[in-house]
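Here the structure is laid out as structure tokens; the discussion comes afterwards.
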Amino acid sequence: MRPLVAGHIEALTPYVPGKPAEELERELGIESAVKLASNESPIGPSPRAVEAVRAAAATLHRYPDDAAHALRMRLSALHAVKPEEIALGHGSNELIDLCVRAFVTHEEHAVIGAPSFACYALSLQAANIPTSVVPLREGLFWDLDAVLAAVRPETKLVFLDNPGNPTSTHIAGSALRRFLSALPPNVVAVVDEAYCDFVDAQDYESALGMRGLRERSLILRTFSKAYALAALRLGYAVGSAALIAYLQRVRVPFNANALAQAAALAALDDAAHLQRCVSLNGRERARVSAALSALGLGVAPSQTNFLCVHVDRPAAAVYTALLQEGVIVRPFGPPLHRHLRISVGLPEENDRLLAVLPNVLKRIPTQR
Ligand SMILES: Cc1ncc(COP(=O)(O)O)c(C=O)c1O
């Protein structure tokens with residue numbers, strides 16, 4: 001019999017999401033697990049978004065507006081671009097997949113970094129695209145010269161997350177400009193700005209302002225993080241009308257559902273809620289980061305809603321011990337197998353982590 005699937009599909013390992021709090025509560029028979037594992041907003045969605053979802057629920061029997069006219073108009077005004085320069089996706093995750101399907105074939109080539117967002121590698125592998133993986137400096141900082149050096153004549157796609165996940169670090173605007181200018185014109189540069197709302201570094205610049213540097217560039221944004229709508233799955237891409245039209249060709253119809261469109265419009269109108277989420281994150285990020293440093297742990301300079309923490313021990317062991325204490329964080333494979341990614345939560349959630357961590361660390365010897 002012929003194999004059911006091709007070798008590259010056989011070799012795929014599915015994406016591993018953060019452990020749901022309810023799952024740990026069931027396992028431990030407890031009621032108050034703290035989830036600091038998926039970089040979600042700890043304060044929840046804007047009440048206006050919740051109300052918009054309620055109102056939109058009355059028309060669940062209708063298909064959504066496939067063109068998402070109102071939302072694309074709203075986003076085009078926000079970013080001073082044309083509506084035809086915006087494509088929506090079922091999370092920015094779908095847009096990553098659409099970029100792979102639209103812009104690169106298995107006779108061409110893509111470049112990604114490691115560690116960076118896991119779904120770039122997954123989408124590329126699912127489509128059997130030859131891919132070069134460029135290590136980050138110290139596993140934490142983009143090495144853009146190395147990315148450029150990995151580009152070949154057949155390279156069509158590069159994914160950069162800025163700020164990065166799971167690293168939490170950012171690329172300075174001047175370095176990103178140089179990179180986007182130096183990248184050969186063949187290449188579609190996808191700059192994924194999922195965490196841009198949490199940035200306070202003075203030298204950060206969104207690639208939205210760099211679109212003039214090259215025709216083939218796309219910027220990805222999401223409603224899952226600062227806008228706190230992760231469950232609704234909505235992201236968008238901004239790029240030239242020509243590139244966006246190809247994303248529209250390969251997407252499935254109605255990929256941005258009606259509840260998500262309604263909620264996003266309402267969330268965009270609630271600037272005060274967005275500001276609350278960003279300010280709380282800024283305060284708690286600084287506080288938790290200082291407390292972890294005081295425990296002797298290395299904390300990468302975060303521009304996101306999570307911390308990438310060098311625990312100086314096998315991180316999987318620390319992760320498992322924290323689970324026993326009802327706290328869910330996120331471990332990673334090499335080169336970050338001594339790091340944990342810890343989302344910034346509510347003050348009381350962060351306090352839970354900080355209360356149990358010293359004892360957990362005492363129980364697990366350092367091992368270099
Ligand atoms: C860098 C980055 N890009 C994209 C995503 C996907 O976000 P979503 O599909 O929820 O829009 C994530 C999610 O964690 C991320 O960290």
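For reference, positions follow the sequence shown, starting with 1. All ligand and atom numbering here is 1-based and tracks the order in the structure. This is a predicted model, so every value here is computed, not measured.
Ligand 1 lies out of reach of Gly235, whose nearest heavy atom is not under 4.0 Å from it. Within the structure, ligand 1 has Arg233 among the residues with a heavy atom less than 4.0 angstrom away. In this structure, Lys225 has a heavy atom closer than 4.0 Å to ligand 1. Residue contacts with ligand 1 include Asp192, since one or more of its heavy atoms lies under 4.0 Å from the ligand.
The proximity of Ser92 to ligand 1, defined as any non-hydrogen pair under 4.0 Å, involves the side chain as well as the backbone. Of all the heavy atoms of Tyr195, the ones lying under 4.0 Å from any atom of ligand 1 belong exclusively to the side chain. Only the side chain of Asn165 comes within 4.0 Å of ligand 1, judged by heavy-atom distances. Residue-level proximity to ligand 1 for Glu94 is absent, since no heavy atom of it falls below 4.0 angstrom.
Under a 4.0 Å N-O distance rule, the pair Arg251/Asp66 qualifies as a salt bridge. The pair Glu51-Arg54 counts as a salt bridge, with a side-chain nitrogen and a carboxylate oxygen less than 4.0 angstrom apart.
Annotation for ligand 1: atoms under 4.0 Å from non-hydrogen atoms of Ser224 are 8 (P), 10 (O), 11 (O). Near Thr222, the atoms of ligand 1 lying under 4.0 angstrom from a non-hydrogen atom of the residue are 8 (P), 10 (O), 11 (O). Short contacts between ligand 1 and Asn93, defined as distances under 4.0 Å to a heavy atom of the residue, involve ligand atoms 9 (O).
Aromatic ring centres of Phe117 and Phe159 lie farther apart than the 6.0 Å criterion allows.
With hydrogens and angles ignored, the 3.5 Å screen pairs a side-chain donor or acceptor of Arg285 with a backbone N or O of Phe198.
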Item to check | From CA spacing to verdict: side-chain hydrogen bond (donor to acceptor under 3.5 Å, both in side chains), Tyr195, Asn39 | outcome: CA-CA 9 Å; Tyr195 299 99; Asn39 306 339; 3.1 Å; yes
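At the shortest separation from atom 12 (C) of ligand 1 among protein heavy atoms lies Phe117 CZ, 3.4 Å.
In this structure, the side chains of Leu88 and Leu75 come closer than 4.5 Å at one or more pairs of heavy atoms.
With Cys308 as the partner, the side-chain contact (heavy atoms from CB on, under 4.5 Å) test is satisfied by one option alone out of Leu336, Asn165, Thr169, Val299: Leu336.
Taken from OG in Ser168 to CG in Leu140, the straight-line distance is 7.5 Å, to the nearest 0.5 Å.
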